[in-house]
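Residues: numbered from 1 along the sequence shown. Model, not experiment: these values are computed from the prediction.
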Amino acid sequence: MDSGYWLEIASLLLRWLHLIVGIAWIGSSFYFVWLDNSLRPPTDPALREKGVGGELWAVHGGGFYNPQKYLVAPKQLPDELHWFKWESYSTWLSGFALISVLYYAQADSYMIDPAKAALSPGQAVALGLATLAGGWLVYDGLCRLLMRRSILLFAALYFAFVVAVAWGLTHWLSGRAAFIHVGAMLATTMSGNVFFWIIPGQKKTVAAMRRGEAPDPIHGQRAKQRSVHNNYLTLPVLFCMISNHYALTYNHPQAWLVLALILLAGVLIRHFFNLRHHGRLAWHYPLAGITLLLGVFIWLAPKAPTPAAQGSAPAPTLAEVRPVIAARCLACHASAPTLMAAAPAGLKLDSDEALYAQRQRVVDQAVRLKAMPLGNVTQMTDAERALLARWAAGGFAR
């Protein structure tokens, strides 16, 4: 039985599951932060007497809704109480299963870059797992130490920590694995907030009410704090999730800085929406975020190879390029690949016609971005990449 095929199927199903439950979690997170920011003090004295601190009238799907938030908790617990936790737990569990199938089970292809560090698959996997656990411990420690002292100092130190992790991972792992592990570290922190703080705090509040005691408001305050942190981490995590499709970001020589600037832009844009829900239009935040993104993309723009840059050697022909493609690319990009269950992205280079039709794409991936071969598993040399560059500079001679 073809194990590569079943790994591909497992990846497909886990990606689908992860996307479904992730939408559920992110959707509820965005909704409740929006709701908290949109609540207004009730005008009905009866509501204030009940302990309602804010309410909102909304219309959706043909119905009217009137959500209300209590300052601490209602005087009497309802018979049915919905807990928002499995959205988070199922997102983390499916994400960890996906990273295990795609990266940890295939660490030699997806995690290791021999040009950066001579790691064994076991060492690469251990580094990845340590990143997930260590990221939570550092974040939680900073929260405990600083959140009551200075939110700004906490934010600055935590961002510096994330950038430091990005710098380290991009020097030890492949760029693709480094980016996905920064995202997985942030996602683990988000789910850790739910598991270790938000749900336990809510359980303590419910337990106190069932004992007939007044619940301590600190539990709700801490849960709200961590929930807001999760809200700000969402856009950075989503970028890391999709970054594996865009080698121009993770294969840059300063990939860690590319990632740091894009993550910062995501936080600035998210902050704009959070303030807007409070009734404040602070346009300088999204403008700063968009300017950062634009600056990064201008910086990343590849430079086209020129004849002068390639020296005086005559431009090679398609026939001279073909042996390089056969030795370094056809293991994956062929009708019957040997390293993959099927040609990635349906790109097949077995024939001269197919190679010529995809010539710019081949040069972009193998020369400009150096994203292929994946993990340089077929050991394409710099001289072979230079040959492809001269072929492009010479007009792709046939």
*Return each pair, listed once, that meets salt bridge (Lys or Arg N to Asp or Glu O under 4.0 Å) where at least one residue sits in residues 108-121; pairs must be two or more places apart or across chains.*
none

*Which residue pairs pass the ring pair (Phe, Tyr, Trp, His ring centres under 6.0 Å) test with at least one member in residues 319-353, sequence neighbours excluded?*
none

*Got a sec, which pairs hit ring pair (Phe, Tyr, Trp, His ring centres under 6.0 Å) with one end in residues 35-66, sequence neighbours left out?*
none

*Tell me yes or no: between the side chains of W34 and S38, is some donor less than 3.5 Å from an acceptor?*
yes

_Do R176 and Y103 pair up side chain to side chain, a donor and an acceptor below 3.5 Å, judged on atom types alone?_
yes

Please list every donor-acceptor pair under 3.5 Å in which a side-chain atom of residues 203-210 meets a protein atom from a residue at least two apart or in another chain.
from : atom 1 : to   : atom 2 : distance (Å)
T205 : OG1    : G201 : O      : 3.2

Under the rule for salt bridge (charged side-chain N to carboxylate O under 4.0 Å, His left out), what residues qualify as partners of [X], not counting sequence neighbours?
X: K69; value: D36
X: E353; value: none
X: R385; value: none
X: D364; value: R368

_Cation over ring face, R270 and Y285, 6.0 Å, 45°_ = no

_Quick one, M372 and M380 - any side-chain contact, counting heavy atoms below 4.5 Å?_
no

Looking at [Y], is its backbone amide N or carbonyl O close enough to the side chain of [X] to form a donor-acceptor pair, meaning the two atoms are under 3.5 Å apart?
X: R359; Y: Y356; value: yes
X: E320; Y: T317; value: yes
X: S11; Y: L102; value: no
X: R322; Y: S351; value: yes
X: Q123; Y: S120; value: yes

*asked:* For H181 together with Y250, are the ring centres under 6.0 Å from each other?
replied: no

*Between H82 and F84, is the ring centre distance below 6.0 Å?*
yes

Which atom pair, heavy atoms only, marks the closest approach of [X] to [Y]?
X: T378; Y: P373; value: OG1-CG, 3.1 Å
X: L259; Y: F239; value: CD1-CE2, 3.7 Å
X: A334; Y: A343; value: O-CB, 3.7 Å

*Are L294 and F272 connected in a single hydrophobic cluster, I mean Ile/Leu/Val/Met/Phe/Trp/Tyr linked by side-chain heavy atoms less than 4.5 Å apart?*
no

_For residues L47 and V72: do they belong to one hydrophobic cluster (side chain heavy atoms under 4.5 Å, members Ile, Leu, Val, Met, Phe, Trp, Tyr)?_
no

*Could you tell me which residues satisfy ring-ring contact (aromatic ring centres under 6.0 Å, His included) with H171, sequence neighbours excluded, listed by chain and number?*
W167

_Under the rule for ring-ring contact (aromatic ring centres under 6.0 Å, His included), what residues qualify as partners of H219, not counting sequence neighbours?_
none

*Can you label the angle between the W391 ring and the F396 ring as parallel, tilted or perpendicular, going by 30° and 60°?*
perpendicular

*Applying side chain to side chain contact (heavy atoms under 4.5 Å, CB included), run through F96 and L132 and close with a yes or a no.*
CA-CA 10 Å; F96 185 76; L132 306 189; 4.2 Å; yes

Show the atom names and distances, to 0.1 Å, of all donor-acceptor pairs under 3.5 Å that link a side chain in residues 134-145 to residues at least two apart or in another chain.
from : atom 1 : to   : atom 2 : distance (Å)
Y139 : OH     : N193 : OD1    : 3.4
Y139 : OH     : N193 : ND2    : 3.0
Y139 : OH     : H229 : ND1    : 2.7
D140 : OD1    : W197 : NE1    : 2.9
D140 : OD1    : R226 : NH1    : 3.1
D140 : OD1    : R226 : NH2    : 3.0
D140 : OD2    : R144 : NE     : 2.8
D140 : OD2    : R144 : NH2    : 3.4

*Would you please name every residue forming a side-chain hydrogen bond (donor to acceptor under 3.5 Å, both in side chains) with S88, sequence neighbours left out?*
S191

*Give the intermediate values and the outcome of salt bridge (charged side-chain N to carboxylate O under 4.0 Å, His left out) for residues E384 and R328.*
CA-CA 9 Å; E384 289 168 335; R328 311 305 182 193; 2.9 Å; yes

